[in-house]
Amino acid sequence: MINRHLYRTVGYNRNKGVLLKEDYIFIRECLEKHLENIQLSNDDLSREIDQLKVLFIKLDHTIGRL
């Protein structure tokens, strides 16, 4: 006996994986906290700090377009 509900189609919401403006703002806030923490550390992380600053510029540009 075959279960007729086993192969039924389901609805797919394409918006489920889309990042919204609020998501980008949350990401930026988290990265700001991370940047503050690594700036306060005694390790030499200047390269990572520079990469984060470039990422902030890219995120701000993306947020501005949304």
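Since we're looking at a predicted model, the values are computed, not measured.
Between Thr62 atom OG1 and Tyr24 atom OH the span is 6.0 Å, to the nearest 0.5 Å. Here the straight-line distance linking atom CD1 of Ile63 with atom CD1 of Ile27 works out to 8.5 Å at 0.5 Å rounding. To the nearest 0.5 Å, atoms CZ (Arg47) and CG (Leu52) are separated by 12.0 Å. Separation of atoms CD1 (Ile38) and OG (Ser46) is listed at 9.5 Å; rounding is to 0.5 Å. Distance check, rounded to the nearest 0.5 Å: CZ of Arg65 to NE2 of His61 gives 4.5 Å.
Of the listed residues (Leu55, Ile49, Leu45), just one forms a side-chain contact (heavy atoms from CB on, under 4.5 Å) with Leu35, and that residue is Ile49.
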CA sep, side-chain torsions, deciding dist, call: Asp23, Val18, side chain to side chain contact (heavy atoms under 4.5 Å, CB included): CA-CA 9 Å; Asp23 299 324; Val18 175; over 6 Å; no
Derivation and outcome, side chain to side chain contact (heavy atoms under 4.5 Å, CB included), residues Ser41 and Asn37: CA-CA 6 Å; Ser41 72; Asn37 289 334; over 6 Å; no
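In this structure, a donor-acceptor pair under 3.5 Å is present between the side chains of Glu48 and His34.
Leu31 has its side chain within reach of Leu59: a pair of non-hydrogen atoms, C-beta onward, lies under 4.5 Å apart.
Criterion: ILVMFWY side-chain heavy atoms under 4.5 Å apart, direct or through other members. Under it, Phe26 and Leu19 are not part of a common hydrophobic cluster.
The two residues Leu66 and Lys21 have their closest heavy-atom pair at CD1-CA, 3.7 Å.
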